[in-house]
S.K.: 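Input: one structure, supplied below.
Below, each value reflects all heavy atoms present in this structure, side chains not excepted, and no hydrogens, waters or symmetry copies.
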Amino acid sequence: MSGKSENQINNSLTGRHPVITNILIIILVGALGICIVYFSIAIFTKHGQTDKVPGIENKSYTEAIQILHDHGFKVDIRDSLYKDNVRPGYVIEQFPKAGSIVKPGRKIFLYINAVHPKEVVIDDDNHPMEDALKSFSPRSGLARLQELGFKNVRVVKVLGDNDCIVKILANGVPVKKMQKVPVNASIVVQVYDGRLAEIRDSLQNEELMATRQEHLNAGETDYNFGYGGAPLYDPNAESKSSTGSYSSSSSSAPATQTVEEVEEIEYY
């Protein structure tokens, strides 16, 4: 009788207050779920357990992997860089840093120094038979080299008309367009110095004065010379006397010879 009375009482409560009953059931299920999740996270995340990250920078890749595995850590190579002051294949940087307190079995990220230096294209213009950065201004050419990461760059002035780049040399070898060059190469930038026109004018003046002096040494009258050493036309030349002058027939040969000599020098 008592058992039947209890069931009747429970059924009567459920029937009378279904909303309250459902709320109680939801609370109990939620609390149970929270407990399950909490204990699961504690198990999988090793809650309360810690480990210290060993220092592996400046060690070889093989040695670093062995040390991390011995401590129960996982390894991931994040990137390969290149530095001249670090031996190829050695660890440049690690994350987390040495001495950090982390969870056991955590993944450690490594940055390794590449075995070979990075190679870049100095001039990506699709004309592989032409010299790289030819006719560029020195300022834009040097900015391009700096942007690509070149450190050992030297500018050399060569004789030329305008102030522009003649060619780029990498380790003494001319660089062509679309050609890859290691970033640790020794770069020489040959630039025109703009003095060629000045030197050309100076040489022409010297030749002009030398030609004039030859005529004076030959006893000829000091007459004016035009462009290129050619004598200017003198309308009084034919009427000059033979005592201190020259006739048109006698002066024609030296004048022609002088022009030919100057033209030959200019052609050279």
S.K.: Can you tell me how far SG of Cys164 sits from NZ of Lys134, rounded to the nearest 0.5 angstrom?
M.R.: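 Between Lys134 NZ and Cys164 SG, I get 9.0 Å after rounding to 0.5 Å.
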S.K.: So, the side chain of Asp123 versus the backbone of Leu133: is there a donor-acceptor pair under 3.5 Å, distance only?
M.R.: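 Indeed, once roles are kept as given, a pair shorter than 3.5 Å links the two residues.
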S.K.: Hey, does His116 have a side-chain heavy atom less than 4.5 Å from the side chain of Pro88?
M.R.: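 No, their side chains stay 4.5 Å or more apart.
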S.K.: For a 4.5 angstrom cut-off between non-hydrogen side-chain atoms, does Leu28 reach Leu32?
M.R.: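 No; the side chains remain at least 4.5 Å from each other.
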S.K.: Quick one: closest heavy-atom pair of Pro96 and Lys107, and the distance?
M.R.: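 Heavy-atom minimum between the residues: CD-O, 4.4 Å.
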S.K.: Mind checking whether Leu145 and Ile187 have side chains closer than 4.5 Å, heavy atoms only?
M.R.: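 Leu145 vs Ile187: side chains touch.
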S.K.: Check Asn162 against Tyr192 and note the closest heavy-atom contact, atom names and distance.
M.R.: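 Nearest heavy atoms, Asn162 then Tyr192: O-CB, 2.6 Å.
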S.K.: Would you say the side chain of Asp163 lies within less than 4.5 Å of the side chain of Lys157, judging by non-hydrogen atoms?
M.R.: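 The answer is yes, as the side chains (C-beta and beyond) meet within the 4.5 Å cut-off.
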S.K.: If you link I, L, V, M, F, W and Y whenever their side-chain heavy atoms are under 4.5 Å apart, who else ends up in the same group as Phe109?
M.R.: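 Taking Ile, Leu, Val, Met, Phe, Trp and Tyr as members, Phe109 shares its hydrophobic cluster with Phe95.
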S.K.: Could you tell me whether Glu57 and Lys97 have a side-chain N and a carboxylate O separated by less than 4.0 Å?
M.R.: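 So Glu57 pairs with Lys97 through a salt bridge.
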S.K.: Hey, could you give me the OG/CG distance between Ser186 and Asn171, rounded to the nearest 0.5 Å?
M.R.: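 Reported value, rounded in 0.5 Å steps: 6.0 Å.
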S.K.: Can Leu148 be reached from Phe136 by stepping across I, L, V, M, F, W or Y side chains whose heavy atoms are under 4.5 Å apart?
M.R.: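 Cluster IDs for Phe136 and Leu148 match.
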S.K.: Tell me whether Asp51 contacts the main-chain N or O of Lys103 through its side chain, where contact means a donor paired with an acceptor under 3.5 Å.
M.R.: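 Not a single qualifying donor-acceptor pair exists.
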S.K.: By the rule that ILVMFWY residues connect when side-chain heavy atoms come within less than 4.5 angstrom, directly or transitively, which residues belong alongside Val102?
M.R.: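 Taking Ile, Leu, Val, Met, Phe, Trp and Tyr as members, Val102 shares its hydrophobic cluster with Val53, Ile56, Tyr61, Ile65, Ile67, Leu68, Phe73, Val75, Ile77, Val91, Ile108, Leu110, Ile112.
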S.K.: Could you report the tightest heavy-atom contact between Ile165 and Ser137, atom names first, then the distance?
M.R.: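 Closest heavy-atom pair between Ile165 and Ser137: CD1-O, 3.8 Å.
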S.K.: Side chains of residues 177-185: which donor-acceptor pairs under 3.5 Å do they make with residues two or more places apart or in other chains?
M.R.:
{"unit_1": "Lys177", "atom_1": "NZ", "unit_2": "Asp125", "atom_2": "OD2", "d": "3.1"}
{"unit_1": "Lys177", "atom_1": "NZ", "unit_2": "Glu130", "atom_2": "OE1", "d": "2.9"}
{"unit_1": "Gln179", "atom_1": "OE1", "unit_2": "Lys176", "atom_2": "N", "d": "3.0"}

S.K.: When rounded to the nearest 0.5 angstrom, what is the spacing between CD in Glu93 and CG in Asn58?
M.R.: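 If I round to the nearest 0.5 Å, the distance is 11.0 Å.
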S.K.: Counting C-beta onward and ignoring hydrogens, is there a side-chain heavy-atom pair between Leu142 and Val155 closer than 4.5 Å?
M.R.: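 Of all side-chain heavy-atom pairs linking Val155 with Leu142, at least one is under 4.5 Å.
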S.K.: Kindly indicate whether the side chain of Cys35, heavy atoms from C-beta on, has any atom under 4.5 Å from the side chain of Val37.
M.R.: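 The answer is no; the side chains never approach within 4.5 Å.
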S.K.: Please lay out, stage by stage, how Leu169 and Val175 fare under the test side chain to side chain contact (heavy atoms under 4.5 Å, CB included).
M.R.: CA-CA 6 Å; Leu169 303 177; Val175 179; 6.0 Å; no
S.K.: How long is the straight-line distance from OH of Tyr90 back to NZ of Lys59, given to the nearest 0.5 Å?
M.R.: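 These two atoms lie 9.5 Å from each other.
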S.K.: For Ile122 and Ile168: C-alpha separation, side-chain torsions, deciding distance, then whether side chain to side chain contact (heavy atoms under 4.5 Å, CB included) applies.
M.R.: CA-CA 9 Å; Ile122 295 179; Ile168 305 293; 4.2 Å; yes
S.K.: Is it true that atom CD of Gln146 has more than 12 heavy atoms of other residues, nucleotides or ligands lying nearer than 6.0 Å?
M.R.: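 Count not over threshold, so no.
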